[in-house]
Each structure stands twice: as structure tokens, then as C-alpha cells.
Amino acid sequence: MSDFELLDPGAAFGGAQPADGGDPLLDGLNPEQRRAVVARGPALLIVAGAGSGKTRVLTHRIAHLIREKEAWPSQILAITFTNKAAAEMRERLGGLLGSGVEGMWVSTFHSACVRILRREAERFGYVSGFTIYDSADSRALLKRIIKDLDADTYGFTPANTSAKISKLKNELSDATDYASTMNASDPRERLFTEIFTAYEQELKRANAFDFDDLIGQTVQLFRAHPDVAAIYKRRFRHILVDEYQDTNHAQYSLIRELTKSVEPEQLATLVPPVRERELDGLGRIPGASLTVVGDSDQSIYAFRGADIRNIVEFERDFSNAEVVKLEQNYRSTQNILSAANAVIGNNFDRQDKKLWTAEGDGDKIVGFTGYSQHDEARFVAEEIEDLHRDGMAYGDIAVFYRTNSQTRALEELLIRSAIPYRVLGGTKFYDRAEIKDAMAYLTTIANPFDPIAWSRMLGAPKRGVGPMAEAHLANFQEAEGVSFHQAMERAAEIPALGPKIRTTVVELADMLARATAMALGGGGTEVLPPVAEEADDETSDASRKKPAPVADVLKLVLDSTEMIEKLRAKRDPQDDARAENLEELLAVAREFDAQQPGAGLLAFLTEVSLVAAADDLDDQSGTVSLMTLHTAKGLEYPAVFITGVEEGLIPHQMSVDELGGINEERRLMYVGITRARQKLFITLASTRATFGDIAVAMPSRFLQEIPESLIEWRQSPGEVTGRGGTASRALNAGRAPGAGGSSGASWSRNRDSQVSFGAGGAGGSSAAVSEPASGNMQSALDKWRERKRLAKEAQAAGGGFPNTIVGNIRDNGDLELALGDRIRHDEYGEGRVNAVTGAGSKRVAHVTFDSVGERKLLVKLAPIEKLSE
DNA sequence: CCCCCAGGTCTTTTT
DNA sequence: GACCTGGGGG
């Protein structure tokens, strides 16, 4: 991405632009881009198709505002989607402006809100040292609440409750609102209200915010305290929001609040005093100018509350809005763009927009169908090796997938092929148990009122303090109204605790007190409870010394708990890896201390809470990047693999019944395709192991939406089982006999939905690509179209259209395998059957191969034949 | 109080 | 296949 400028043909050839005027901020931009840079006025919408150079436009716009003295850097608030994008933007601005980026806020919604909340926390009963609960913390808290209220018998789980609460909070709704609108005769709704209320209370007691609160509470803060809002409204004169299509209602409201004018009655409280030239004709400070950038075709976060209407209705929303459309793509070849256009064109609920490029067609998209996900992964690994041999850097290659669980097979093959790779997101470093344990110490040190962190800290490593002791301490803490640490110090006052536990607890409390003193830099000043009035003098402690480096605090914790030593002492090799992870955490803390000297523990915890999946991407790492399609948004790579392009995966099974679900999945596919610059590979498998057993997979409907002339199949879905001609034999063999139960049902469905593919250069395809329909009942339409497609295909199968490859699934029929049989496998060679499990079409053979060892195979579908005994 | 094992449940995507 | 829960034994 750093070399984007170099690859930008607009810069190289000038295109249709007027001759360069010698302005570095405008030269090399196309006319639309220029308009977006120089446009002024209250509101600007930049509709930026994928790869149309929007980051460049945004940075140039900001630089232009500053260079033309229309704004000080400190008057700019730029919101990006990830911290990485923010860092990149700041870097590019530095390149354009030199040093003049001091004081500019370039950050994510969440980081910006934390910054505001930490400053203003005291105004609404929080302490600035509040904890940020990630989803796991929220769920841990909800789990306790659900158990306390016996709500699990009503089907409430931490996961579904947390999702529902999150959704409500994204709509800026709280428990009181919910209670007033719910159907009170429904016991489930009443119970949910109780859970929600308890959850809010517990968060407050813990001095903690969850992710959604960060936005929502900031909005509440602004609404409840116009004087606070006035400070920020006055400060930020230009607000720019990237990826606007993925903003939710809370984020939208935040932007709305910030772009309102400051009314005359608020002016008096502002410091420094308001000067005449800041005011408009009505004696107000006018609202900030707003620039939003987005692409409704790339809206993929509806599940998180993102509301596509925010961007679609922007013009209605902000009157006098100017609109600039960027459609020229500087990233991909025409073939890739044509595929992307073809796919997204099937979403009928969008404004038509076509990406185009001045570059040539480029290579065709390469397609491959493996018969299993291992086969698919093997192809990916081999192609990566080829690309690398031909001179492409590993860092220029990315592999995308829909679900995190798909990484397993890919990693296995990449390891075997000695290809350096890294997985972004997924099981994150900070999700590991041992890391969470260590982090719990740091969190409880920063916020001794946080029960989740305290409880985790108490139990790890095991020290003989169990749930009973924990409950006694927690009760004492609540009754006395002290911090958890103070409760521990006074363990002697709790008669229910045994002498041994008392000693352990007091010693632990002593260690925490030392660590706290270090972390806060004071002489052991106890952090005050979350009460607004008292919190004031917490900050006025002039005698405070500088906080110690985070690494020192962590070192104290690790040393005194002997966490690393205890792990090393175990004989499980996994525990060695855990010990190394803790060493790694220490290294991360040292790195943080070096990057931000004196920032302290709280800043470290904040940063860790807000890292996004794409943030740990290191452009210089020189490794292949693996990530979900969601994480891929905003990134680009010369070579891209999209894997698992199957029905049920993309579109994901879960989305099929959701309102607009298919359309969102299609956008996800579109995002994936448009990440590729030169080479795009689309792969799938005809069987996939899920849940431990193996199921038949069908090619994704999105695959059929790509014109076949754009794809060069190395192995098409129709060919995959065609080796040795067994497929046709199997297909003529008719319906599988005796396939009972659910497996039979799924089998017959698969047989009915044969897919027509132009494998091997077949002519005009009869592929059932449905016409874009008009209307707005998208879900119903989706279903109807799906049914139409299936009907058409069924007809095609029966009527025998010439290009239809009848049946794309191998079928070994009722091949009987028994213990001890020798078989030959197309890929693995010869092997011996150890066992056969399952029944019907789900029969699985456990085979030890001479070359690769034990494998499990679906008898019906595996490319195997029985050797004579 | 802690460890181990059997059995049930689940899997979309993430700041 | 992985993770969590609950019961039994040490």
C-alpha cells in the first residue's frame, strides 16, 4: 500500500486531466478526485468505488485544508475503520505536510471516544481509569448474571444475550427504554429486561464500559452535557469519516452531535473565550464541515448494526451536500473488475455503478475445485510456491476465507510447504488463556473494582483460592464498599476463610499494592472508588511521580506469581508454547514502553483492548497473509486467493434466511474480488469437513454469476471427480439406494441442484443466472430467485441441456469396504482400511496410507478404488 | 480444592 | 473436532 502512489497510473500518465499546475496536492489526480479535494461547504459525500484512490483523496483533502490555512491540524477529526488505517493516514499526511500533523485526531470511532470518555469520565460517575470490556469479558459478566437470575432455562445464553444487548446499544437504547417498550406479558422479555438492567449496573459498579458503550456513552455524554459537547463541537471544524457505509446508528448520532452548531448560551463556558470571528451571523459557532467516504457495495457489517441507509440517504440527511463519485479503479485488471461488476450487479437494491480501469484485461481468474479442503489447500500452497518462484514476494499474496475455522487446512499445507504465513485475527494473541491471565493482573491493577479481571487474576495460576473463597471476598467487598484489593488486604476480617487461604490472599494483595504503586507512579495511593465527587482530587495529586514502564509492572507480576516457571515445569509441550507467549507479552509491553514513553499502564490496556484484526498486519513481514473476507476490507494485494467459494460458506448458511443476508454475502464476495490487483484465484472443494464429519459442498451461486469467459479452470466443479471416468458411471447408477434419514435428504438435494459449468471450453452456457429484479422486498425476492434457480437447474438436468455437466459429484455407489481391505486413492496412493464408521452416504473409512499415514475418507465420494484382495 | 474424564453443544463475519 | 460443564475420585 505504501507503493500505491508509484503504481497509480493516474500519476504516471495524467489521463484526461489538465496540465499539471505544479500543485503537489492536485497533480496526478483525476478530475473527480480533484473536486473531492477542493470541494468546500457543509457536507461532502465521496462515493468511492473499490480501489478508486479514496485514501489518497482523503489525505490530500486534509492536507489541502491545512495548507490553505482553512484549518489548524487540531481542528481536524478523521475517523478510520482500523487503527492501522489511521496510522497509515497519519504517515501519509506527515509525508504531505511535513511535521504539521501535531494535534490532529486521526483514529477509529472507538479510540476517539475512549479519549473523550477518559477526559470526561468524572462528569458521569466513572473514573478515568475505567476498564474496556471486550466481548469475552461482557459474556463472562452476562454468564454470571444469567446464572444468578436462573435465566438459562429460558434459553438465555451469554452469547445471544450479549448480541441482543449490543444491538440495542447500537441503536442507543438502554434497559429503561427497553422496559418501556417491551411486551410486559411476555416473561422472556421481562427476564431480558432484568438481565439488561443488571448488566448495566454491574458495568457501572465495575467502572467498565463495553465496546458499544464507548460510542453510546459518548453520545449520551454530549446530549446530557451540552457544555462538554460544545468543547468538542468548537474544536473540530472538519470531520472526515471513512467507510461511512459501515457506521451504525450510534456512530451516526455521534457524528450528528459533533456537527451541530454551538448555541449562544453555551459560549460563555468555553475556554479560551470565543472570539468574534468564530461566530456566524446568528451568534453561534457554526457546525463543523463533514466529509464522508464510502461505498454502499462494500457494506458488510450489518450484523454489527451498520446501517447502509446512513450513506444512501446522506444527501437527504445533510442538506446542501455535495456528491463526488469516484469510479475509475487504479488497482485491478479489467478481468477482475468485470468479475466484481458481474457479481455485485445481482444486487438489485443498489445504484448502478461500474468500476473501470485504463489498464488492460490482465490474466484470467484462475479457478480450482478440490475434492476436499485439503486438496483445495494443496492447490493454494502449490500456486503460492509457483508465484514465489516467478518472483512475487510472499508479502504480496493473501488468502481469504469466510470463516475462521477454514484456516486449519490451509495452515497445515502451508506449514508442510514451508511457506511463511501469518493469520490475521482469528484466535488472537490476546485471546489466549495465559495472556488473558496475565492481562487480568494488569487490568485489576488499573481498576481494582473490576470483578471480571479480579476473579480471573485470583484463579490463575491455581493457588488454592477457589470459588468459595472468591465468593466470600466478593461479598465482603460489596458489603464494605471497598475495592477488591482492599477486601483482600482485610481477609483476616472474614471468618469463613481458612488460615492458609488468608495468608495467600494477603500476600497476593501485598504484591498487587506494590504493582499498583509502581503503575500509578504515586506512593501507593489507592485508586478511589467510582464516585464523581471524590474522583476530583485523584487527579490533583501533585506529588505523583511518573508511572513506571508497563514492562516493569508486568515483570513484577510474572515474577511474583511464577506463572512462566510453573508452565515450564509442566511436561505438556503446549505449556512451553504458553510460557513463550508470556515472554512475548513482555516483549510487547517493552515495545509499547519504547514507542510511547511514560504513557503508562492505562494507555497500554486501552491500546490492547482496541486492536483490530487488521491492525497487526505488518507490511514488511514478508509472509503470506491469511484472513477472513471481513478483515480484508480496505486492503489490497497483487495476488489474492478466495477459498471455500461454496454454498453454505459464502453465502454462509446462517445468512440465507436473514433479511438481505444474501445481498450482504454478495457484497462480501465483491469486497474479496476487488482486493486483487493482478492475480485472482477462486477455489472451492466438493466435500468439506464440518463438525468432525464430512459433507458434500456445492459451488457458490456467486461463482455462477461470474461470466465463464473470465475464468480459466484448472479443475472445474464438473471435472473434480471426473478422474478415471468414474463420475459418469456413478451418475448413471441412479439414486443412491437405502440412503435413509437426514443424510439421504441432503444427498438428494445435492443431486437435484446440479450446476452447469462451462468446463473444458464448452460453448454458450445454460447457467441459470437470474435477472436482476426490481422491488424492495429483498428477502422474499432472494428466496424466490433461489427457488427459480433451483427449478431451472432441475429442469436442465432432466432436459439434458448440452452444456450441463450432469452431476458434479463423484459417487462410488455402494462400494463396500471392510477392515483390512487395500484401496488406492488418487492422491494418497495405496492404503489399508482400519475401520468403517457411519452409515448411508455418510459412511467414513479410516485408512492408513503407506505414504501419508492415517486419513478419513467419505466412502461415497473419495477418489478411491478397491484393490483386489 | 483440583484434576480428569465423559458427554453435550456448537460455528459467521468483529470494533 | 474443540470447548465447556458436571460428576467422581484423589
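Side-chain atoms are counted along with the backbone in the values below, which use heavy atoms only and exclude waters and symmetry mates.
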Fill in the blank from the handout: Winner on side-chain proximity to A:Ile501, out of B:dC1, B:dT11, B:dT14, is B:dC1
Exercise for the section: For A:Gln251 and for A:Thr157, find the nucleotide of DNA chain B with the closest heavy atom, then tell me which residue's nucleotide is more 5'. Expected result: A:Thr157
Problem - Rounded interatomic separation in angstrom, taking CZ from A:Arg402 and P from B:dT13 - result: 7 Å
Practice task
May I ask you to evaluate whether A:Ser405 reaches the phosphate of C:dG1, defined as a side-chain N or O under 4.0 Å from OP1 or OP2?
Solution key: no
Handout entry: N-O pairing of A:Glu665 and A:Arg402 below 4.0 Å
Key = yes
Fill in the blank from the handout: Between A:Tyr301 and A:Val465, whichever has its closest DNA chain B nucleotide further toward 5' is A:Val465
Below 3.5 Å between N/O atoms, which protein atoms pair up with nucleotides 4-10 of chain C? Just atom names and distances, please.
residue, atom, partner, partner atom, Å
C:dT5, OP1, A:Lys143, NZ, 2.4

Handout entry: A:Tyr252-A:Phe109 aromatic ring centre distance below 6.0 Å
Key = no
Problem - Presence of A:Asn404 side-chain N/O under 4.0 Å of B:dT14 phosphate oxygens OP1/OP2 - result: yes
Exercise for the section: Could you list all the salt bridge (Lys or Arg N to Asp or Glu O under 4.0 Å) pairs where at least one residue sits in residues 497-507 of chain A, not counting sequence neighbours? Expected result: none
Handout entry: Validation row, ring centre A:His630 to ring centre A:Phe303 under 6.0 Å
Key = yes
Completion exercise
When rounded to whole Å, the CZ to C1' distance for the pair A:Arg304 and B:dT14 reads 5 Å
Completion exercise
Of A:Asn347, A:Asn346, A:Asp295, the one forming a side-chain contact (heavy atoms from CB on, under 4.5 Å) with A:Tyr670 is A:Asp295
Handout entry: Touch class at under 4.0 angstrom, heavy-atom based, for A:Phe109 against every strand present
Key = nothing
Exercise for the section: Return the nearest nucleotide to the side chain of A:Phe211; candidates are B:dT15, B:dC2, C:dA2. Expected result: B:dT15
Practice task
Send over the distance from A:Asn248 CG to B:dT15 P, rounded to a whole Å.
Solution key: 14 Å
Problem - Any residue meeting ring-ring contact (aromatic ring centres under 6.0 Å, His included) with A:Phe592, in chain and number order, not counting sequence neighbours - result: A:Phe604
Exercise for the section: Report the distance from atom CE of A:Met627 to atom P of B:dT15, rounded to the nearest whole Å. Expected result: 13 Å
Problem - A:Phe303 side chain, from C-beta outward: closest of B:dC1, B:dT13, B:dT15 - result: B:dT13
Exercise for the section: Would you state whether a donor and an acceptor, one from the side chain of A:His652 and one from the base of B:dT12, lie under 3.5 Å apart? Expected result: no
Exercise for the section: Quickly work out the A:Arg139 CZ to B:dT9 C1' distance and round it to whole Å. Expected result: 15 Å
Handout entry: Spacing of A:Tyr430 atom OH relative to B:dT15 atom C1', expressed in whole Å
Key = 16 Å
Exercise for the section: Kindly point out which of B:dT14, B:dC1, B:dT12 is positioned nearest to the side chain of A:Ala469? Expected result: B:dC1
Practice task
Salt-bridge test for A:Lys167 and A:Glu171: reply yes if a basic N is under 4.0 Å from a carboxylate O, no otherwise.
Solution key: no
Exercise for the section: Kindly indicate whether a cation-pi arrangement holds for A:Arg118 with A:Phe130, taking the cut-offs as under 6.0 Å to the six-membered ring centre and within 45° of the axis. Expected result: yes
Exercise for the section: In whole angstrom, give the distance that lies between atom NZ of A:Lys84 and atom P of B:dT15. Expected result: 14 Å
Exercise for the section: Let me know the distance between CG of A:Leu424 and C1' of B:dT14, rounded to the nearest Å. Expected result: 14 Å
Exercise for the section: Could you check whether A:Thr631 gets within reach of a base, just the sugar-phosphate, or nothing at all, counting any heavy atom under 4.0 Å? Expected result: sugar-phosphate
